[in-house]
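Only one structure is covered here, and it is reproduced in the block below.
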Amino acid sequence: MVDAGETVTLRLARALARDGYSVDTCRSGPTLAGQLGAGTYEIIVVGAGTADGAGLCANLRTAGVLAPILVVGRGASPRESATALDAGADLLMVAPVDVDELLARVRALLRRAHGHAVVRCGPVVVDRVGRRALVDGQPLVLTGREYTLLAHFASRPGEIVSRADIMARAWNTRLAASSNLAEVHVARLREKLRSHAWMIETVYGAGYRMRASRK
DNA sequence: TCAATTACCGATCTATATCC
DNA sequence: GGATATAGATCGGTAATTGA
């Protein structure tokens, strides 16, 4: 999420995080360019406080960024809207933005970009667009962090996921590496998986591995 | 030494009650 | 009826303890 107006950004970012999204924020296009180098994003939201939203869109597209871009404008005229869309924006919303509508637009853009992306790993099914998870067809009630962790594991079955990777994905590495947050949340996730807790296997000294079936 | 578990705390959200 | 205040619930985090 790019926005120079921090108050608005924080409010929307908080709403997105509450909905289970992992959110990075930055205040300008150049800052975003640096962050894009460090990782990939499923969607980019350009806030109303950004000086040149259309220009930023154009730069992102020129740089080869394919992720959907949602631009929040300040009462944009039809001409300004057209400029932003032509520059590479996928959707334009006019501030002030209703948070529920923003979340719905984000989901819609992700649907358009990915289709109904469903990740399956044995009895676990993760709907990445609907942000739901099922085990043996039964819905799992997960918090945002727990969902992020499960989706991350499920998309890498059989692959060792290090704690550093977990921290980077779910916490954007903003916390100290000495924190045992990953352990705590994995434990909570296992608790909710109940009889399927075996699916998250500890790889001593390396991290965790998601297994689709018992050995 | 590393990983798992548990208890506890603070921040935030939500539902309900009260007041104007 | 709408706005505001309050209490309880929930979530995310830290720290301490235990076990392999």
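Chain letters run A, B, ... following the sequence lines, proteins first, then strands; residues in each count from 1.
Atom CG in A:Leu149 sits roughly 10 Å away from atom P in C:dG12 (whole-Å rounding). Rounded to a whole Å, the CD atom of A:Glu183 is 11 Å from the P atom of B:dT5. Straight-line distance from the OH atom of A:Tyr147 to the P atom of C:dG12: 14 Å, rounded to whole Å. Remark: C1' of C:dG12 and CG of A:Leu189 are 15 Å apart, rounded to the nearest angstrom.
Nucleic acid contact class of A:Val184 (heavy atoms, under 4.0 Å, all strands): base.
Here the closest heavy-atom approach between residue A:Ile69 and residue A:Val46 is recorded as CG2-CG2, 3.9 Å. Shortest non-hydrogen contact noted between A:Val119 and A:Ala154 is CG1-O, 3.2 Å.
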Could you list the protein-to-nucleotides 17-20 of chain C atom pairs, N/O on both sides, closer than 3.5 Å?
none

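Under 4.0 angstrom from either OP1 or OP2 of C:dC11 there lies no side-chain N or O belonging to A:His185. In this structure, A:Tyr208 reaches the B:dA4 phosphate: one of its side-chain N or O atoms is under 4.0 Å from OP1 or OP2.
In this view, A:Arg61 and A:Asp90 satisfy the salt bridge (Lys or Arg N to Asp or Glu O under 4.0 Å) rule, not counting sequence neighbours.
Distance alone, capped at 3.5 Å, is enough to place a donor-acceptor pair between the A:Arg190 side chain and the A:Ile200 backbone.
A:Tyr147 is listed as a side-chain neighbour of A:Val126, based on a closest heavy-atom distance under 4.5 Å.
Note that CZ of A:Arg105 and CG of A:Leu92 are 10.5 Å apart. Values are rounded to the nearest 0.5 Å.
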